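Some notes on the structure that comes next.
Bear in mind that the values here come from a model prediction, so they are computed numbers and not experimental data. Hydrogens, waters and symmetry mates play no part in the numbers below; they use all other heavy atoms, side chains included.
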Amino acid sequence: MQYWLIKSEPSVYSIDDLERDKTTYWDGIRNYQARNFLRDSMKVGDKIIFYHSNTEPPAAVGVAEVSKEGYPDFTAWDKEDPHFDPKSDPSNPTWYMVDIAFVKKFTHPLSLDAMKANPDLAGLMVIQKGARLSVQPVSKEHFERLVQLGS
């Protein structure tokens, strides 16, 4: 099993939306490194820290899990979708997505500042300066500590 952190702006899709929907496809990723994680590395059952970005304060807010492995992101071919990519070809897809399922919402969201201040989370990618990937790997130890702190 692997562990991940995925970022979402809560005004676009929040942990509350995922709790309501129970499952969703994780689309719109347009970064090659993040795409590679979605396409090649994320497996059914992998655990995910759900992180609210571009909000005050940015924070880890819950847990999800991968419920379907990487498949072509069809939003890239929809001219009406904000994630449309005219260079992406359905016969040779550029972009991928996974499905995720709700596991739990944190009782105590963990702000970015709180994560930076916690020595147990040293090395966590999301707290590194310039770490902007919307899909990033997390160690088992960091995942377990985040869940403990958020519960």
Side-chain angles (χ1 to χ4, degrees), residues 1-31 33-85 95-118 120-151:
M1 178 180 302
Q2 297 182 87
Y3 302 88
W4 306 93
L5 181 142
I6 59 172
K7 296 179 182 178
S8 181
E9 297 178 16
S11 62
V12 175
Y13 197 83
S14 70
I15 191 71
D16 293 327
D17 294 324
L18 183 58
E19 182 176 27
R20 178 196 65 228
D21 298 342
K22 305 296 182 220
T23 187
T24 192
Y25 51 85
W26 204 252
D27 66 319
I29 303 302
R30 299 296 182 263
N31 170 284
Q33 186 176 4
R35 183 270 324 256
N36 292 347
F37 290 142
L38 294 167
R39 183 189 65 194
D40 304 330
S41 302
M42 295 178 90
K43 303 297 179 198
V44 170
D46 283 0
K47 302 298 184 211
I48 299 166
I49 296 294
F50 198 105
Y51 182 87
H52 282 171
S53 63
N54 199 23
T55 190
E56 281 304 320
V61 294
V63 178
E65 70 180 19
V66 177
S67 58
K68 182 177 179 182
E69 293 178 17
Y71 59 100
D73 182 345
F74 54 80
T75 66
W77 311 314
D78 180 355
K79 291 180 181 178
E80 304 302 313
D81 192 281
H83 301 117
F84 173 66
D85 179 358
W95 306 113
Y96 280 73
M97 59 184 166
V98 297
D99 288 359
I100 65 169
F102 178 80
V103 173
K104 74 183 225 174
K105 186 174 170 179
F106 286 164
T107 306
H108 309 285
L110 300 167
S111 72
L112 182 59
D113 287 342
M115 288 188 274
K116 287 178 178 179
N118 189 315
D120 293 342
L121 299 175
L124 183 64
M125 186 183 290
V126 75
I127 66 174
Q128 304 304 313
K129 190 170 182 76
R132 299 182 45 90
L133 275 181
S134 58
V135 177
Q136 44 188 260
V138 173
S139 71
K140 179 180 182 182
E141 295 74 23
H142 285 152
F143 176 87
E144 290 173 349
R145 185 67 174 131
L146 288 165
V147 170
Q148 181 185 45
L149 292 167
S151 296

Could you pull out the closest heavy-atom pair between D78 and F84, with the gap in Å?
O-CB, 3.2 Å

Quick check against the 3.5 Å criterion: does E19 have a side-chain atom that pairs as donor or acceptor with the backbone of K105?
no

Can you name the nearest heavy-atom pair linking S53 to K7, along with the distance?
OG-CB, 4.0 Å

Side-chain heavy atoms of Y51 within contact of S8, under 4.5 Å:
no

Check whether Q136 reaches the backbone of V126 with its side chain - one donor and one acceptor, N or O, closer than 3.5 Å.
yes

Can you give me the closest heavy-atom contact between M125 and A131, atom names plus distance?
O-CB, 3.0 Å

Take a 6.0 Å sphere around NZ of K43 and say whether it holds more than 12 heavy atoms from other residues, nucleotides or ligands.
yes

If every non-hydrogen atom of G62 is compared with every non-hydrogen atom of F106, which pair is closest and at what distance?
N-CD1, 3.5 Å

Only counting residues at least two apart or in another chain, list the ones meeting side-chain contact (heavy atoms from CB on, under 4.5 Å) with N118.
D120, L121, R145, L149

In short, I29 meets A34 closest at the heavy-atom pair CG2-CB, 3.5 Å

For residues V63 and E65, determine if any side-chain heavy atom of one lies less than 4.5 Å from a side-chain heavy atom of the other.
no

Any chance you could measure D46, atom CG, to S41, atom OG, to the nearest 0.5 Å?
9.0 Å

Would you give the length of the straight line joining atom CZ of F37 to atom OG of S134, rounded to the nearest 0.5 angstrom?
10.5 Å

Reported CD-to-CG distance for the pair Q148 and L110, which is rounded to 0.5 angstrom
10.5 Å

For residues F50 and F102, determine if any side-chain heavy atom of one lies less than 4.5 Å from a side-chain heavy atom of the other.
no

Among R30, R39, H83, R35, which one satisfies side-chain hydrogen bond (donor to acceptor under 3.5 Å, both in side chains) with D73?
R30

Verdict with reasoning, L18 to Y13, per side-chain contact (heavy atoms from CB on, under 4.5 Å)
CA-CA 8 Å; L18 183 58; Y13 197 83; 3.8 Å; yes

Any side-chain donor near an acceptor of the partner, D17 and S14, under 3.5 Å
yes

Closest heavy-atom pair and its distance - V98, V66
CB-CG1, 4.4 Å

Give a yes-or-no answer on whether the side chains of T23 and K68 include a donor-acceptor pair shorter than 3.5 Å.
no

Say you draw a straight line from CD1 of I100 to CD1 of I48; how long is it, rounded to the nearest 0.5 Å?
5.0 Å

Is there a side-chain contact between K47 and V138, using heavy atoms and a 4.5 Å cut-off?
no

Dump the intermediate steps for side-chain contact (heavy atoms from CB on, under 4.5 Å) on M97 and Y71, then the final yes or no.
CA-CA 6 Å; M97 59 184 166; Y71 59 100; 3.4 Å; yes

Candidate pair M42 and V135, rule side-chain contact (heavy atoms from CB on, under 4.5 Å), full reasoning:
CA-CA 10 Å; M42 295 178 90; V135 177; 4.0 Å; yes

Geometric class of the Y3/F143 ring pair [parallel <30°, tilted 30-60°, perpendicular >60°]
tilted

Check: A122 main-chain N/O paired with H142 side-chain donor or acceptor under 3.5 Å:
yes

Pairwise side-chain contact, I49 with V147, heavy-atom cut-off 4.5 Å (strictly under):
yes

Atom OG1 of T24 and atom CG of D99: how far apart are they, to the nearest 0.5 Å?
7.5 Å

